[in-house]
There are 2 protein chains.
Amino acid sequence: MGIVERKSRQKQALRERILDAARRIVMRDGFAALSMRKIAEAIEYSPATLYLHFASRDEIAQALCAEGYAQLLETFVPLVQIADPAERLKALGRAYVAFGVAHPETYRLIFMEDPSYTGAALSGVAAASGKATPVAAVADAGAAHEAMEIAAAGTPAVGSVASGKASLAPAKPDDDPGDAALHIMLSALEELKAAGRLSASMDVAVWAEAFWATLHGIVALNLTCPVFPTAPLDTVVGVALDAWLGTQDAGQSPGVTSASRSRKKKSAEAPVESYVEPGGEPAAQSSQPSAPSGKKSTKPPGPSAVKPATKRKAASA
Amino acid sequence: MGIVERKSRQKQALRERILDAARRIVMRDGFAALSMRKIAEAIEYSPATLYLHFASRDEIAQALCAEGYAQLLETFVPLVQIADPAERLKALGRAYVAFGVAHPETYRLIFMEDPSYTGAALSGVAAASGKATPVAAVADAGAAHEAMEIAAAGTPAVGSVASGKASLAPAKPDDDPGDAALHIMLSALEELKAAGRLSASMDVAVWAEAFWATLHGIVALNLTCPVFPTAPLDTVVGVALDAWLGTQDAGQSPGVTSASRSRKKKSAEAPVESYVEPGGEPAAQSSQPSAPSGKKSTKPPGPSAVKPATKRKAASA
DNA sequence: GTCTATAAAGAGATAGAC
DNA sequence: GTCTATCTCTTTATAGAC
């Protein structure tokens with residue numbers, strides 16, 4: 001059986017190479033620039049070979065999405081230890097925005113590209129309200145975290161969750177990173193409510209959605225609107241968090257309350273801009289982050305579908 | 001000179017036809033599906049003819065953007081009359097979300113497609129803080145409004161602002177709809193602050209940006225995330241507005257100190273869904289609005305640039 | 001498994017005849 | 001002004017040789 005195993009391993013390896021190449025292309029040129037030909041060229045294989053591993057460009061995109069969700073989840077994990085639920089939520093909010101700013105193309109792919117990509121990670125949102133306990137969420141998250149560290153070193157480091165078992169069902173193996181992340185937030189919210197710091201009549205699910213929308217709005221505008229944060233991104237995030245979680249005087253990072261101050265990760269207290277991803281990448285920063293100058297992000301043409309030209313913006317205009 | 005005038009009129013007319021066709025394509029199939037060939041086919045001209053009126057696809061897109069901004073501004077105009085600044089802001093927020101939900105493709109084009117499109121409308125955001133008085137904003141808005149009613153009847157009715165003089169400088173004639181809309185909001189905000197209902201130490205520009213981000217987040221998630229508003233969109237918007245502008249329950253809203261609890265205008269209370277646009281269109285509604293099932297939105301290929309395929313989602317997958 | 005070659009579709013933009 | 005014809009470029013995806 002050694003032979004079949006070797007073959008299986010080789011197949012897996014090629015699969016990884018494909019995803020690595022795809023990830024690099026997306027990071028560098030945006031999702032719109034991702035094509036089978038480019039990937040094939042990058043790994044020095046013919047385009048046809050890719051179809052032996054992925055049924056379509058879309059399947060590759062979904063695999064990348066799964067990685068992205070896991071990556072986002074991973075940034076949440078250490079924050080679960082923050083004792084005060086309000087501070088925890090603030091830290092989560094900052095981490096969320098920091099993630100989006102640091103990984104614009106990943107964020108775009110996951111939350112701004114295609115409804116099917118976005119929906120892939122959020123399966124049980126409706127019924128999720130009282131489902132997972134903080135402990136359970138942490139357990140799941142921990143598993144994902146551990147799996148990640150096994151992954152590649154040079155690249156953003158994810159992959160395991162996605163490539164391990166998510167060949168056809170990208171974002172929903174047994175534990176769904178998207179749901180797990182959601183649960184972390186909902187748990188904090190319920191604690192908050194239990195502590196009487198949130199109106200008892202408030203539906204946490206609604207609150208959570210509106211809160212999420214605020215964070216998403218900040219990230220999305222930052223990635224799309226060139227003039228968005230006139231003020232420092234930090235400040236805007238601070239004001240938003242204060243509006244939702246109360247505290248006078250925006251601006252600075254309330255950070256962690258007390259006990260968790262010893263946190264090994266500085267991520268919770270550091271201002272949004274200084275966020276550094278676990279993988280060790282530089283992490284983009286400031287208000288106008290990466291966004292590969294000339295090229296944008298959007299959609300490409302399909303076989304029978306359509307696609308206009310827009311990238312020319314910087315190229316031809 | 002009658003002859004040159006007629007020719008000029010005919011040229012203008014064709015220009016309008018081009019934009020009309022383009023608008024229809026975008027509404028129906030999304031921006032990504034907008035191509036010169038399609039437009040040409042729709043108006044029964046050759047593709048080459050389009051280039052006599054627009055230098056590129058991009059220029060057409062920008063003209064559509066200008067229309068979109070004007071359209072959005074128009075929905076703001078009547079709300080300026082609301083006396084209470086907090087209620088006015090809430091009404092503006094609801095109108096904003098309603099607009100995005102009712103005109104998903106327009107909203108996408110303007111705020112979610114390309115930074116250059118989004119930035120086109122917001123020129124003086126940075127210095128806008130104390131710039132325009134409510135009166136000035138209304139004056140601008142009124143002008144745009146008036147201009148609009150001259151425009152076509154069957155179609156969404158805009159165009160004048162864009163087509164009148166924005167051949168090469170699409171979104172910034174003399175009065176910029178984007179800025180005007182922004183000023184309307186900032187004015188209300190300053191009134192709020194003047195009335196002592198907003199922390200004196202709060203920077204209105206920052207507050208405005210964070211508030212805008214919240215609204216944008218709600219719309220953007222609604223358009224992109226299939227499961228987004230688990231709760232009725234109305235409810236989520238209400239919670240968000242309360243968080244920012246205060247009202248009994250809802251977390252605690254440190255932003256606003258007291259009052260503003262008695263709501264008078266029904267326009268401020270009307271649920272988002274019931275919004276009807278001034279033009280008299282049906283106005284889409286509910287949580288999962290249009291979003292032309294099969295197709296998405298994104299970017300197309302340029303001459304030398306790149307472009308993957310993505311639309312296949314529903315077509316080939 | 002992998003490649004070459006190609007089908008089938010789409011795009012933006014232009015030259016030059018009329 | 002308008003059209004025809006064309007150039008150049010992109011893409012996904014597959015057939016069939018090796």
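Just so you know, these numbers come straight off a predicted model, no measurement behind them. Per chain, numbering begins at 1; letters A, B, ... match sequence-line order. When reading the values below, keep in mind they use all heavy atoms of this one structure, side chains included, and skip hydrogens, waters and symmetry mates.
Among the heavy atoms of the strands, none lies under 4.0 Å from A/Lys7.
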Enumerate all atom pairs, one protein N or O and one N or O from nucleotides 3-7 of chain D, separated by less than 3.5 Å.
residue	atom	partner	partner atom	Å
D/dC3	OP2	B/Ser46	N	3.1
D/dC3	OP2	B/Thr49	OG1	2.5

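Between A/Asp20 and A/Arg23 there is a salt bridge, with a side-chain nitrogen of the basic residue lying less than 4.0 Å from a carboxylate oxygen of the acidic one.
Taking atom CZ on A/Arg9 and atom P on C/dG1, their separation rounds to 13 Å, with Å as the unit. Following rounding to the nearest Å, B/Met36 (CE) and D/dC9 (C1') show an atom-to-atom distance of 16 Å. In this structure, A/Tyr51 atom OH and C/dT4 atom P are separated by 16 Å, rounded to whole Å. One can place CZ of B/Phe54 at 13 Å from P of D/dT2, the figure rounded to the nearest angstrom. The NZ-P distance, from A/Lys11 to C/dT2, rounds to 9 Å in whole Å.
In this structure, a donor-acceptor pair under 3.5 Å is present between the side chains of B/Tyr96 and B/Tyr107. In this structure, a donor-acceptor pair under 3.5 Å is absent between the side chains of B/His53 and B/Tyr45. At a cut-off of 3.5 Å, with distance as the only test, no side-chain donor of A/Ser56 or A/Asp58 sits close to an acceptor on the other residue.
Put simply, the residue from A/Met112, A/Arg108, A/Glu113 that forms a side-chain contact (heavy atoms from CB on, under 4.5 Å) with A/Phe31 is A/Glu113.
Residue B/Leu52 has its side chain nearest to D/dT2 when only D/dT2, C/dT14, D/dT14 are considered.
Under the side chain to side chain donor-acceptor pair (under 3.5 Å) criterion, B/Ser8 pairs with no residue, sequence neighbours left out.
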